[in-house]
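First comes the structure, then the notes that go with it.
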4 protein chains.
Amino acid sequence: MSSASVDKHAAILDAAYELFGSGGFYETKMSEVAERAGIAKGTVYLYFKSKEELFMAVTRRDCEGFLEQLEGKLRACSAMTDKLSVIAEHHLFYYYERKQHTKLFFRAPNNNPELVAYMAQFMEAYMQAVVKVLLEGGATEPELMAQSYIGILDRLKMDILFDPEFAEADADKRAKFAARLFITGALGSLDSALGDFPAEAES
Amino acid sequence: MSSASVDKHAAILDAAYELFGSGGFYETKMSEVAERAGIAKGTVYLYFKSKEELFMAVTRRDCEGFLEQLEGKLRACSAMTDKLSVIAEHHLFYYYERKQHTKLFFRAPNNNPELVAYMAQFMEAYMQAVVKVLLEGGATEPELMAQSYIGILDRLKMDILFDPEFAEADADKRAKFAARLFITGALGSLDSALGDFPAEAES
Amino acid sequence: MSSASVDKHAAILDAAYELFGSGGFYETKMSEVAERAGIAKGTVYLYFKSKEELFMAVTRRDCEGFLEQLEGKLRACSAMTDKLSVIAEHHLFYYYERKQHTKLFFRAPNNNPELVAYMAQFMEAYMQAVVKVLLEGGATEPELMAQSYIGILDRLKMDILFDPEFAEADADKRAKFAARLFITGALGSLDSALGDFPAEAES
Amino acid sequence: MSSASVDKHAAILDAAYELFGSGGFYETKMSEVAERAGIAKGTVYLYFKSKEELFMAVTRRDCEGFLEQLEGKLRACSAMTDKLSVIAEHHLFYYYERKQHTKLFFRAPNNNPELVAYMAQFMEAYMQAVVKVLLEGGATEPELMAQSYIGILDRLKMDILFDPEFAEADADKRAKFAARLFITGALGSLDSALGDFPAEAES
DNA sequence: CATGAATGAGTATTCATTCAT
DNA sequence: CATGAATGAATACTCATTCAT
C-alpha cells in the first residue's frame, strides 16, 4: 500500500468516523463521507467494498484503539486497586473525548451478523482484560464481577455523552467513585439499616 | 375513543412492538405493521402521525410498563435490601421475558430529539425510583449509586438478550449476584491484597 | 383488477413497448416509461416487479399477438398454398407495421434465462404452426422445412426494418416471392445449368 | 506498429472476442478485457478509443474472416451447385465452431449508427457473394434469392447455437438440406396437392 | 508505451405518506 | 373511520474513461 493510499484510507476512516459517529449508520451518506474525505465517491469503493464494510472498519479501529490504550495503561501500574482505577478512568475519558460520536455505538446497521459478532468479541476481550485484573485478587465469579464493573462505568458515562455541561473534572470524580463503590460496595455509604443484609442470600 | 378504536390502537402498538423489537426501526416497514395489525396501511396514520411517533409510542408504553410494574413490586416490600433485590429481579426478568425484542432499544431512529428526550426522562425516572430506595438507607451520592446499580443490572442483562441458551435460573442467579455485589462490594470476594484500598482516595 | 388498473397496466405496457422497441432494454429508463405512461415512477412497480419483468411482459404480449393473429388468418383459408402465403404476408406485414420497434428483439437484456426460455418457446410455437400447415402436404422433415421458411421470411423482413424507403407494396411483393421460392425452389428461376443438380445428395 | 504492439492489439481483440461473445456488450467490462489480455486497463485505450470501437473492431474482424474464408472456399469449386453447398456448409460450420460466442451478434450495443452501418455493409457483401454465384445460373431476382438462402441458413443455425447436444454431423445434414431445399423447393417433398400452385400468382 | 488510481455521471428501486373514494 | 392506489424523494454502487507518473 503506497503512502498516498494509506493517507486516503485513513482519510476515509476519519471522515466516516465523524459522520457515522454523529449521524449514525443509516443517516450517513457515502457521498458525504467522500466529500469530507476530499475524494470522489467512487474512490471510497476502492478502499471499502460497501457502506457496511466501512462501518465495520471504523468500529474495529475504534474498539482496537480502546483496548490497546487500556492494555498500555494497565501495564504501567501493578497494584490491583490502581488497575481498577485505571480502567475506570480509561473508560470514562475515552468516551469523554468522543462525546460527539456517540452514534457509532448506538446507531449501528441492523441485522449485520458480522458486526454483531465483532461487537460480541470486543466485549469479551474487554471483559477478559478486567477479569485478568480481578483474578490477581483471587475473585470468585470474576466474569460476572468484570461485567458488573464495566456496567457501572458504562452507565456512569451516559451523562458524559448527553450532558453538554459535563466537564473533565466530573469524569475524574466519577471514575474514582466507580472504583471505590465496586471495591467496597454500597455498605460503606449506607447506614446501619444494612447491617442485617443476608450475605448469603436474600431469600 | 370508541372501543373499536382502542382495539385498533392497541393492535397497532402490539404489531409495532413485535416488528420494531425484532427488526429495529429502519428495517421495519409501516406496511408490515399494518398487515400484522390486520388493518390497512392508511389506517395506521389515523392513529399515529408518523413512523417515528409510532416508535415513540411503542417505546413509551414499554418503558411505562417497566416503571409501573417496578413501583408495584417495591410497594410490596419494606426492607431496603429486599427492595434492591426486587429491582434486580425486575430488571433482569423484564428483559428475560422480552429477549426476542432487543432491537427496540438498540435500533432506534437516529437524530430524533423527542425520542432522546424521552429516553433521558425514562432513565431519570428509573434512577429516581432507585434513589428513593437508597435514600432510606441514608446513602451519600445516591444518584451515582443508583446509576451504578442500574449499570450493573443493564450489563448483566446483555447475555440474557444475546445468549439463546440463557435460562430463567441464570437470570435469578444474576439478580442475587448483582444485589449482593452492590451492597458489599468486591472486597468480600477478593483476598487481603485489597485490605489497603485507600477508601478516601477521591477526596 | 379494476378498470383504472387495467388502463394503467396497459398504459405502462404501451409506453414500455414504444421505448424498449426503439431504444432497447439497456437504454430505456424506467423513469421514461413512467413519464410516457403518465404516471409516477413508483407506480410502475405496483404493476411490474422490475424492469426485466416489464420487458418480459412487453415481449410476451407482442409475441402472443403475433401468434394469435396468425392462427386467426390461417383458419380463414384452407388450401396449403394459401396458408403459406398467409404466413408470409403475416410475417412481413407484422414487422412492417412495427418497423419503429425493432429493438424489442435485438436489444433484449443479457443473461435473462426466463426471457431466453420464453423466446425459445415462442419460436417453437411459431415453427409448429408452420409445421402443421406443411404436414397437410405430407412433407418429410417438416421441422427443418418450417424453420427454413421462417428463415426466408425473417431475412426478407430485414430491409423492411432498416430501409426507410420501404413501402407496403414491397412487403407484399416479398411475401409472394417467399411463398413461391419456398414451394418451387430456385430451379424455376435458374437456367439449365442446374438441370444436373444431384437431387439426392451433393456428394 | 511494432511487433509487440501487434501482439497486444491482437491479444485485446482475442480477449474482447471471448468476453463480448459470451457475455454480450453491456455485461462485459473493459477491466475484464484488459485482465484477460494480460495488460493494464489504461492500455486498452491506447489501442481502441472506446468500448464501442473495440466492439466494432471485434465484429469487423469476425465478419471479415467469415467473408474471406467464404471467398476462398468458393474459388476452389466451379459448379454452381457445388458453390451453393459450400456456402451452406460454410455458414453452418462457421457458427458451429463459434457456438460459445453467440452474444457477439445478439447483444450488440444499442443505438450505435456506425455498428448498424457496418452490419448492413457486411450483409450486403455477403449477399453479393451469393448473388454472384446465383447470377452464373442466370437467376432473376438474384438479390431476393440470395437473401432467402442466407435466411434459411441463418435460421437453421439457431439450434446449433442454442442446443448443447448439437453435433457436427447435424450441421452437415442441415447444410445439405438447405442447399437442396433452396434449389428444388418444397414441392419435391410435398404431395400432389401442390401441383396446382399458381406459379405466376404474384403478377 | 504502459500503468492503475481516481473520477463522477448515471439509475433502478424502496417505502413513508397522502388523499380520493 | 377505513382503504389502498398513487406518489416521488432519496441513495448506494458501477464502470468507462482519464492522466499523472
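Proteins get letters first, then strands, A, B, ... in listed order; numbering begins at 1 in each.
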Closest to side chain of [X], choosing from [options]:
| X | options | answer |
| --- | --- | --- |
| B:Lys29 | E:dC15, E:dT7, E:dA12 | E:dC15 |
| D:Lys51 | F:dA6, F:dA12, F:dT17 | F:dT17 |
| D:Ala40 | F:dA6, E:dG4, E:dC1 | E:dG4 |
| B:Ile39 | F:dT3, E:dT3, E:dA16 | F:dT3 |

A:Thr43 vs B:Gly42, nearer the 5' end of DNA chain F by closest nucleotide: B:Gly42
5'-most by nearest nucleotide on DNA chain F - B:Gly38 or A:Lys49: B:Gly38
Dot-bracket line, read 5' to 3' along DNA chain F, where crossing pairs take [ ] and | marks a partner on another strand, Watson-Crick or G-U under 3.5 Å: .||||||||||||||||||||
Side-chain donor or acceptor of [X] paired with backbone N/O of [Y] under 3.5 Å:
| X | Y | result |
| --- | --- | --- |
| B:Thr28 | B:Leu19 | yes |
| D:Lys8 | D:Gly38 | no |
| A:Ser22 | A:Glu18 | yes |

Return the value, rounded to whole Å, for the distance between atom [atom1] of [X] and atom [atom2] of [N].
| X | N | atom1 | atom2 | result |
| --- | --- | --- | --- | --- |
| D:Glu35 | E:dA2 | CD | C1' | 17 Å |
| D:His9 | E:dA2 | NE2 | C1' | 17 Å |
| D:Phe55 | F:dT17 | CZ | C1' | 19 Å |
| D:Glu27 | F:dC15 | CD | P | 9 Å |
| C:Glu53 | E:dT13 | CD | P | 10 Å |
| D:Phe48 | F:dT17 | CZ | C1' | 16 Å |
| C:Met30 | F:dT7 | CE | P | 14 Å |
| D:Lys8 | E:dT3 | NZ | C1' | 10 Å |

Check ion pair A:Asp62-A:Arg98 (N to O, under 4.0 angstrom): yes
Short side-chain N/O contact from B:Tyr47 to OP1 or OP2 of F:dC1, under 4.0 Å: no
A:Tyr45 vs F:dC15: side-chain N/O to OP1/OP2 distance below 4.0 Å: no
Sugar-phosphate only, base, or nothing, as touched by C:Lys41 at under 4.0 Å among non-hydrogen atoms: base
A:Glu27 side chain to B:Tyr26 side chain, donor-acceptor N/O pair below 3.5 angstrom: yes
Audit row: D:Glu53, D:Tyr45, side-chain contact (heavy atoms from CB on, under 4.5 Å) steps and yes/no: CA-CA 10 Å; D:Glu53 193 177 293; D:Tyr45 287 86; over 6 Å; no
Whole-Å C1' distance, E:dC1 and F:dT21: 13 Å
Nearest-nucleotide 5' precedence on DNA chain E, B:Thr28 against D:Leu46: D:Leu46
D:Glu35 atom CD: more than 12 heavy-atom contacts under 6.0 Å: no
Nearest non-hydrogen partners of A:Ala57 and A:Phe48, listed with the distance: CB-CE2, 3.6 Å
